[in-house]
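Each remark here refers to the structure printed beneath this line.
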Amino acid sequence: MHFDDGVLPADYLRHVTRKKAIIAGTGTLAIAALLLAVSSGAVSIPLTDVWRALTGTAASKRWDAIIWSIRLPQALAAIVAGAGLSVAGVVMQSVLRNPLGSPFTLGISHAAAFGAALSVMVLGTGVMHSRGADAVVINNPYATTMAAFAASLLATAAIIAISRIRRTSPEIMILAGVALGALFTAGTMFLQYFADDVQLAAMVFWTFGDTARASWSELAIMGAVTVTGTAFFFFNRWNYNAVDAGDETASSLGVRVERVRMLGMLISSLITAVIVSFLGIIGFVGLVCPHMMRRMVGDDHRFLLPASMLCGGVLLLVSDTAARLMLAPHVLPVSVLTAFLGAPAFLYLIIRGYRK
Amino acid sequence: MILSVDGLEFHYKSLSVLKGVNFGVEEGEVLAIMGPNGVGKTTLLKCMNAIHRPSGGCVMVDAADICRMKPEAIARRVGYVAQKQETGRMTAFDAILMGRKPHIRWRISEHDLRIVDSAVKRLRLEELSLRHLDEMSGGEVQKVCIARALVQEPRVLLLDEPTSSLDLRNQVEILSLVRAVVRSHKVAAVVTMHDLNQALRFADKFLFLKGGCIHAATHRSGVTAEVIEEVYNVPVHIEHVAGRPVVVPLGATETESLEKYRHEHHLTQ
């Protein structure tokens, strides 16, 4: 075919620049939110001192300690978790061809909660302990995390196995996820019924997603998984665009649809499993952020992936900071706030979307 | 011969859908695949770019067997437009740009953008290029999808019922366009169609399927009332109106079928 009369389309290039500007704007917002989050808390640290502490020229040893060992890991954990859950949501929505696809709606979070509950019950990892704001301390967080991670991988494996048997149709995956979520919730309830009050408190406490649980070593693991996974997704951005155009069209464009769907599900579930295991259940970020950015930059994954990643980071970080400050000196786990903000925001998106 | 299909068979589980299908399409030709509902027209089309792996036989494009090629290599030779289109918040330009996917390595080049721009102009989509697909009409989306298949720079275009959801003006426009593109770019097109009159008007060759086999493969002169009656089980008469062949189904008249219906259901006047 000969298409030699084409020119570089100026209006399209402007359109692309506008999308890139939105992404850059969200990125700037993330940096601003990070500085603000680190500066505010029980002790308010001026932004100039935050900057000095971050660049290693802190004036006060105490502020240096607060920033480096408490606030910065928590703020970065919020950014990483928000970004990871959000890109996982984007990819699940694309490969499942379903706007309801998200880490929360596929039963992976529920499976993690079951794993944590099982660890508390069987391994006895929950202990009542008085320490300031936290009434309950999980005395062996790594055992609990590993159990949660194992359970969420089990859920992922089950979803993928079921869809393998019945071929990879998107509806099957969603329905399998819903059924598994219900199953794991039932399992958790069963354990809770036989738990004593300390164990029960530990189980319930674990499900409150809380970014304060992450220290630098956990942050490193979450960060590595999220960054690698996001890079993989970005590498597949055209594949996800093609899958959005329909399985047959995607195949005709040379996309191995089943492989893209399987790997997309596997990697996004893995990111979710790691984050949820370390921090607990944080709902709605993975559902709402992709939809917010779809409205702003469209469904093109070249722009949607980076935009959603940044939006997720900003949203969870701002929510986390708000949750820390709102009822000071009480510190609210961020998951409570995301659920309060996320559910109405999602309903709004649905109603606005369907009116069109 | 751009496309030649040789002894093609396709089984769905134990059910044989297509058997012993042979035909060829030359440069600049449009082939219409016709036959009753469920006869395997769409299946045949999907076998031609290995969306369905044929159970036997081969599909050769420029004398190379596509069943031995990687998916990207097939996509550089065969373009496909599905019957139903998914629409999302994707601009028409981006949707067409996706047709460059089999050629893109890591990022889009200026060359890709120029090709898409040219295809946008060819299909007169300039006004719509930055509109989202979910804000467009069926005919407009169909044009975008054809443009997407064209920028793949394929040797063979496969179109599944391209006019089934379009109004008269769009039907004529799209089929004329396909024929013009096929002639001027020296490629081949295979189109499944229900409308015999449209097929007679736009296609060069005709393939009638019946019971999973080819009943007739012919040029326009071979499309006779007898062939159509054998394939569809409806008696027809072919008229020429304004110099174009028109197929008129004969069958029972209105009064006869009313009488028959009343008789069968024991209805009185």
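All figures in this text were calculated on a predicted structure; none of them were measured in a lab.
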Which bit of Asp300(A) comes within less than 4.5 Å of chain B, counting heavy atoms only: side chain, backbone, both or neither?
both
Salt bridge or not between Glu29(B) and Lys205(B)? Use side-chain N to carboxylate O under 4.0 Å.
yes
Which atoms of Thr87(B) come close to chain A, meaning under 4.5 Å heavy atom to heavy atom: side chain ones, backbone ones, both, or neither?
neither
Any non-hydrogen side-chain atom of Val78(B) less than 4.5 Å from a side-chain atom of Ser252(A)?
no
For chain A, which of Asn49(B), Ile74(B), Ile108(B) has the most heavy-atom pairs under 4.5 Å?
Ile108(B)
Tell me, for Leu304(A) versus chain B, whether the close heavy atoms (under 4.5 Å) come from the side chain, the backbone, both or neither.
neither
Tell me, side chain or backbone of Lys84(B) under 4.5 Å from chain A's heavy atoms, or both, or neither?
neither
Distance from Asp244(A) atom CG to Asn239(A) atom CG, nearest 0.5 Å?
11.0 Å
Shorter than 4.5 Å, heavy atoms on both sides: which option in Val81(B), Leu97(B), Asp160(B) has the most such pairs with chain A?
Leu97(B)
Greatest number of non-hydrogen atom pairs under 4.5 angstrom with chain A, of Glu72(B), Lys186(B), Lys70(B), Gln152(B), falls to Glu72(B)
Given that the side chain runs from C-beta out, which part of Ile104(B) has a heavy atom under 4.5 Å from chain A: side chain, backbone, both or neither?
side chain
Please state whether the side chain, the backbone, both or neither of Arg294(A) comes within less than 4.5 Å of a heavy atom of chain B.
backbone
Going by an N to O cut-off under 4.0 Å, is there a salt bridge joining Glu140(B) and Arg124(B)?
no
Count the heavy-atom pairs under 4.5 Å between each of Ala82(B), Gly99(B), Ala75(B) and chain A, then report the option with the highest count.
Ala75(B)
Are the charged groups of Asp94(B) and Arg148(B) less than 4.0 angstrom apart, N to O?
no
Is Asp299(A) paired with Arg89(B) through a side-chain N to carboxylate O contact shorter than 4.0 Å?
no
Report yes or no: is the cationic atom of Arg105(B) (NZ for Lys, CZ for Arg) closer than 6.0 Å to the six-membered ring centre of Trp238(A), at no more than 45° off its axis?
no
Among Thr272(A), Leu315(A), Thr338(A), which residue satisfies the side-chain contact (heavy atoms from CB on, under 4.5 Å) criterion with Leu85(A)?
Thr272(A)
Heavy-atom pair count under 4.5 Å with chain B, highest-scoring of Pro9(A), Gly246(A), Gly298(A)
Pro9(A)
